[in-house]
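To start, the structure under review is shown below, and the notes come after it.
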2 protein chains.
Amino acid sequence: MKQTQREQPQRDREKPGPRRPRVSLSTIARAAGVSISTVSRIANGQLNRANPQTVARVQALLETTGYRPDNIGRSLRHGRSRIVAMLAPNLTNPAMAAIASATETALREAGYVMILCDTHDEPALQDEYLAAMRSQSVEGYVVVSGLATAMLEAFVEGGEPVVFVGRRPALRGRPAPFVGIDNRGAGAMAADHLLERGLRRFGLIHSATSSSAIEERVAGFRARLAERGVPASAIGTGMSLELQHLFAGYAATRQLVEAGGWPEGLFAVSDLMAYGAYRLAREAGIHVPRDCVIVGIDDNILNAWIAPWLSSVHVPYESFGTAILAQLRARWEGRGGGDALLPYRLVARADDACE
Amino acid sequence: MKQTQREQPQRDREKPGPRRPRVSLSTIARAAGVSISTVSRIANGQLNRANPQTVARVQALLETTGYRPDNIGRSLRHGRSRIVAMLAPNLTNPAMAAIASATETALREAGYVMILCDTHDEPALQDEYLAAMRSQSVEGYVVVSGLATAMLEAFVEGGEPVVFVGRRPALRGRPAPFVGIDNRGAGAMAADHLLERGLRRFGLIHSATSSSAIEERVAGFRARLAERGVPASAIGTGMSLELQHLFAGYAATRQLVEAGGWPEGLFAVSDLMAYGAYRLAREAGIHVPRDCVIVGIDDNILNAWIAPWLSSVHVPYESFGTAILAQLRARWEGRGGGDALLPYRLVARADDACE
DNA sequence: CATAGTTTGGCAAACGTTTGCCAACGATGT
DNA sequence: ACATCGTTGGCAAACGTTTGCCAAACTATG
C-alpha cells in the first residue's frame, strides 16, 4: 500500500522519450519475406528447420542489421532474465568492492549480468531491494552481510536462490548456501599472531555483535587466548555501534583505552576498524607497531602499499566470485549447497611506517 | 535433491525449472471477478475508473496477496525498464567505488536500479557490455573513464542517453554530457601546493595519457609551474602504462628517480599512484613528507585515517551521483546537458606517519 | 496410384502489462 | 418518449520472444 502509492506520482509524470527503432525479429522477417518463427529458429541455431537458401538469406540479414535479441521479450517468454542481484551494505568498504568485483567477473563469464544494490545496512532498504529485484525476475540473490528480516526469511523459505556471503543472518528456517571463511578460525589465528610475538596485554575491538561473523571472530580470538593460558583480566575490550567501521574502530579503541590503557597487542575484527585504531594511536602518540601491535582481518589490498604496520588475516575475496557462482548453480540445479569456506592465512607486517 | 523432496511433502514442482507461482494481474482479476484491465487501472491509481466497491475489493486483494507489478511485462509494454547501466573500469579503485555508491543512491531515490559493469579498462569488454545493456533496454548509460570505441561513438551519435564521468573519451561527434572536475585546475592546484611549501625540485608521475583526465591534470600542473617561473629542467617525469594505478605509481616513480633522483615535491595524478610512490620511497629509505612531499588527486576517504602524509586535491565523489542523475534527466528530456564541473579543494596533510 | 514419411515453414498461444476504444447502464434534461 | 451524458468495466492490441502444433509440398515406397 505504502509502496505502490509512493511509486505512482513519479511514474506518471516522466515522459517516455522517442524510442529508437529497434531491429526485432519482425523487422528481419518482413525483410526476408518469411515468418517471425522462422527467423527466431534460425537466430537460435536451428538450421535444419528451413531451406538452406532461406537460412542463408536470413543469416545475412541478421548479420547486416546487427540484430541482437531483446532480453525483455526473452525474459518474458521463459522466466529467465540472466540477471543476478547482489545486495551489499556500503560499497565503499574495500572488502565489499572486492567481493562485488570478483562476483561481477564470475557472473559475466557465465553469461549473467549483475545488479548491485547498496543497502546501507538498513533492513528497510534491504527489503525494498529484495522486492524490487523480484519484480525484475532476477535469477539469483547474492546477499552480502545480510540482515535478518521477515522478507529475507520468506525468500529463503520460498525457495528463491539466495546465497549468503560473509555473514549469515539469523534466520530460523533451513540453512541457506553460504560463502565465506571460518570466522572462529580467523579470530584464533589473529590471537596466535599476537601470542607468537610474546605480548602479554591484549585488546579487542569490535562492532555490533548482531552479526554472526563479528561474533565468531571475537569468540575465536577469546577462546584461543584462553586456551593458551591468558587470563581474562589481560584482555581489554572496546565496542562501538557505529555503522562505519572506520569510526567504529576509532570509538571502540578510545573506549578500550579509557578503561584499561593501551594494550600491547590489539585485535580488530576488520581492517577498517584497525585503521580507526591507528588514527587514535597516532593522535595519542602511540607508535604502531612498536608500542602497540595491531592485527586485523580482511587484508585489504592497500595494506601492502600504505599500511605496512598492519598484520591481517587475508581473506581471499578474489575467489569469492567463483564460489558464489558455484553456490548459485547448485541452487539452480536443485542441489542444496552447503557452506563454502575458503582458505585464509595470516599476512604478518611489522614495519615502521617511516622505515 | 532427493532429500529436499522428502522434506517438502507437497511443495509444487521445484525441480523442473525456476518457475515460481507469481501473483500477476490475472491472478487478482480472477479472484476479484473483474477483468485484468480493471485491476491494472486500480493498481496504477486510477480510482475513478471503477465503482468504489470494486476498487475496495481489488485494493484489498492487492494488499493481501502482496502484488508487485512485474517489471518485465511493464518494460515490454512501453520501452522503459527503470534500469540504468554504469560501466566502470576496476571497481576496486576506491574512487570508482565512491562514484558507484553515490550514483546508486541517487538512482534508487529516483526509482531506478543500477546495473554495474566492470570493463577492466578493456575496449572489447566495454563494447560487449554496451551491447548487452542495450538488449536489456536500459534507459541510460553512465560511462566512467570510458574508452573511445566505434560502438561507444555509435551510441552517442545514435542519441542514446550516455553520460561520461571523470574522463571524456576522444569521440569525433557532438559533445556528450559530462560529470567531473576541471582537471587542469586540479593539476594547477597541486602545483600551487608544492610551490607554497617553498620546494624547488619537482617530480610528476602519471599513467597513460590516452585519457583526457590524466593529460589535463599533467598539463595543468606543468602550466602552473611554468607560470610561476619554474624551469622545465627542475621537473622530472615518470610514466607507466600499468593499468593498476598502484603498480603504475611504483614503476613511474622508479623511472623518475633513476633519471634524476628524488624530487622535493612529487605530484601524482591519482592517489593510488601516490600510494605506489610511497611504497618505493619507504623501500628507498626516503621519508615522506620530510624528504619528499607527495600530493595526489582524489583524496580517498582512507587518506584521513592511514595516509596522513598525503596531501590531495579532494574530488567530491559523494556528489557525483546527483550530478549524474541530473545529466541523465536532461538527456531524457531532450535537453543537451553540457559539462557539470564540480568543485574541488586541496586537503593539505603533512604529518609524519609515526608522529 | 495410393500411402507413408520428410522437409519446410507458418499459425497462434503464452509470458504481464498498459491503454484506446467501445458497450452497456442508469440518470438527467427536453 | 427521446436524446444526452457520465459511470463502469470489458475487449483487444501491442511490446519481442519462443515453441507446440499443424499444413502444405515433396519424396520415397509399396
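Remember, it's a predicted structure, so these values are computed and weren't measured experimentally. Throughout, a chain's letter reflects where its sequence line sits, starting with A, and its residues are numbered from 1.
In this entry the distance linking CD of B/Gln53 with P of D/dT8 reads 10 Å, nearest Å. D/dT7 atom P lies 14 Å from atom CD of B/Gln46, rounded to whole Å. One interatomic measurement links the two molecules: CZ of A/Arg49 to C1' of C/dT7, which rounds to 9 Å at whole-angstrom precision. What separates CG of A/Asn51 from P of D/dC26 is a distance of 12 Å, to the nearest Å. When rounded to the nearest whole Å, the span between CD1 of B/Ile42 and C1' of D/dG10 equals 13 Å. Rounded to an integer number of Å, the gap from CG of A/Leu76 to C1' of C/dT17 is 9 Å. Nucleotide C/dC15 holds its P atom 20 Å from the CD atom of A/Gln136, rounded to whole Å. Atoms CZ (B/Arg22) and C1' (C/dG16) sit 9 Å apart, rounded to a whole Å.
Distances were taken from every side-chain heavy atom of A/Pro69 (C-beta onward) to each of D/dT17, C/dG9, C/dT8; the shortest belongs to D/dT17. For A/Ser24, taking side-chain heavy atoms from C-beta onward, the closest of the listed nucleotides C/dT17, C/dG10, D/dT17 is D/dT17.
Residue A/Ser40 has no polar side-chain atom (N or O) positioned under 4.0 Å from OP1 or OP2 of D/dT17. Phosphate contact (OP1/OP2 of C/dG16, side-chain N/O of B/Tyr67, threshold under 4.0 Å): absent. When the side-chain nitrogen and oxygen atoms of B/Ser37 are compared with OP1 and OP2 of D/dG10, none of them lie within a distance under 4.0 Å. Applying the 4.0 Å criterion to OP1 and OP2 of C/dC11, one finds that A/Ser35 has every side-chain N and O outside that range.
Counting any heavy atom pair closer than 4.0 Å across all strands shown, A/Asn44 reaches sugar-phosphate atoms only and no base atom. Among the protein residues, A/Thr54 comes within range of the sugar-phosphate backbone only, with heavy atoms under 4.0 Å from sugar or phosphate atoms but none that close to a base.
One distance of note links OG of A/Ser75 with CD1 of B/Ile72; it measures 4.0 Å at 0.5 Å rounding. Between the CE atom in A/Met96 and the OG1 atom in A/Thr103 there is a gap of 11.0 Å [rounded to 0.5 Å].
Ion pairing of A/Arg168 with A/Asp339 is present here, as a side-chain N (NZ or NE/NH1/NH2) and a carboxylate O approach within less than 4.0 Å.
Nearest-nucleotide assignment on DNA chain D puts the 5′-proximal partner with B/Val34, out of B/Val34 and B/Gly73.
Using cut-offs of 30° and 60° on the angle between ring planes, the pair A/Tyr112 and A/Trp332 is parallel.
For the side chain to side chain contact (heavy atoms under 4.5 Å, CB included) with B/Leu87, the lone residue among B/Leu130, B/Leu125, B/Ile115 that qualifies is B/Leu130.
For D/dG16, its base never sits under 3.5 Å from the side chain of A/Arg74 at any donor and acceptor pair.
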